[in-house]
S.K.: 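Structure provided below as structure tokens; questions to follow.
Every chain is numbered from 1 and lettered A, B, ... according to where its sequence line falls, protein lines coming before strand lines.
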There are 2 protein chains.
Amino acid sequence: MFIQIEFQSDVPIYEQVTRQMIEGIARGEMKPGDTLPSVRSLAADLGVNMHTVNKSYHELEAKGIITIRPKSGAIISSAEARALSPEQLRQIEKNLKPVVAEGMVLGATAEQIEHMMKKVFADLQIPAEGV
Amino acid sequence: MFIQIEFQSDVPIYEQVTRQMIEGIARGEMKPGDTLPSVRSLAADLGVNMHTVNKSYHELEAKGIITIRPKSGAIISSAEARALSPEQLRQIEKNLKPVVAEGMVLGATAEQIEHMMKKVFADLQIPAEGV
DNA sequence: CATTTGTTATACAACTAATATAACAAATTT
DNA sequence: AAATTTGTTATATTAGTTGTATAACAAATG
């Protein structure tokens, strides 16, 4: 797992960690059952505070993506354990809406946006080789 | 334009205003050339501070969606004036990525996400009747 | 000329983000 | 069994964001 923090970004550090963890899992670089690095070691690697990483892990747990075993470590949940409840689907749709709306208003066609989505998909799904 | 603020939301008020304005334009409820309500009147309508609405308007201007004429008012830019530059396309893709990645990790299939995207599209594009 | 407009400035309270340090108790490793 | 590592909890500080409040200004509008 290579996480790269942009300290000048307007996206909070803990949010950057969360997103890149999710992308790593989507890419298959990390699999269900794998343990995440300890909050201290990852924080040291990234050059950030332990609490910042801890916040990210708890965000991942709240999303149902990992399980934190107190005093032990964090484990990536199995795909089955991740429910994809109707409520989660609604949330994804809610997240999607403003992005799509902005694209449309800026003049993107449905085809352009679908194309972008497929590009993102290809970029995330098990990269064939090379990367 | 009907804007509904959720004061308990974790999405900032100015961001809610921005998003709903964009959705209103996407839906065709507001057209290029139309003037937005004055920051004071909209603020009064929503029960928020003038500066909060002002911040939203400047965000819309930064996105290239409206033009603010100092001491006069804000006008929705024409679709042509809205460039859709390669940089804007990249930005949309960048916004799309974490949403799609999260969906995937939670177990959504490409089909499910595409379906959601089409649903959002249908919800935004000139709603046939009713509404 | 009076009103409305966005602009600018200042101030304040509440909250978030991030860091820093420390101590604790359970889990793991040696 | 002892040492180390782990997530947890607590406290404190700094900086920035969010939102409100009030006020004055000058240009645009009626």
S.K.: Is there a side-chain contact between Y14(B) and the phosphate of dG19(D), meaning an N or O under 4.0 Å from OP1 or OP2?
M.R.: no
S.K.: Nearest-Å distance, CG (N49(A)) to P (dT14(D))?
M.R.: 16 Å
S.K.: For the pair made of CD in E15(B) and P in dT17(D), what is the distance, rounded to whole Å?
M.R.: 14 Å
S.K.: Calculate the interatomic distance between I13(B) atom CD1 and dA21(D) atom C1'; express it in whole Å.
M.R.: 14 Å
S.K.: Going 5' to 3' along nucleotides 3-11 of chain C, which nucleotides have protein heavy atoms under 4.0 Å from the base (write B), which only from the sugar-phosphate (write S), and which from neither (write -)?
M.R.: --BBBBB--
S.K.: Any chance you could measure E93(B), atom CD, to K119(A), atom NZ, to the nearest 0.5 Å?
M.R.: 4.0 Å
S.K.: Is E15(A) salt-bridged to R19(A), going by a charged N under 4.0 Å from an acidic O?
M.R.: yes
S.K.: Could you tell me the separation between the CD atom of Q8(A) and the P atom of dG16(D), rounded to a whole number of Å?
M.R.: 15 Å
S.K.: Is there a side chain to side chain contact (heavy atoms under 4.5 Å, CB included) between L106(A) and I65(B)? Walk through the geometry before answering.
M.R.: CA-CA 7 Å; L106(A) 289 176; I65(B) 294 172; 4.0 Å; yes
S.K.: With heavy-atom distances below 4.5 Å as the criterion, would you say the side chains of R27(A) and E23(A) are in contact?
M.R.: yes
S.K.: Answer whether the closest heavy-atom distance between the side chains of M30(A) and M21(A) falls below 4.5 Å.
M.R.: yes
S.K.: Hey, is CZ on F7(A) packed in by over 12 heavy atoms from elsewhere, all under 6.0 Å?
M.R.: yes
S.K.: How long is the line joining CZ of F7(B) and C1' of dC15(C), in whole Å?
M.R.: 17 Å
S.K.: Please determine whether a side-chain nitrogen or oxygen atom of T52(B) lies at a distance below 4.0 Å from atom OP1 or OP2 of dT18(D).
M.R.: no
S.K.: Rounded to the nearest Å, what distance is computed from the CD atom of residue Q16(B) to the P atom of nucleotide dT18(D)?
M.R.: 13 Å
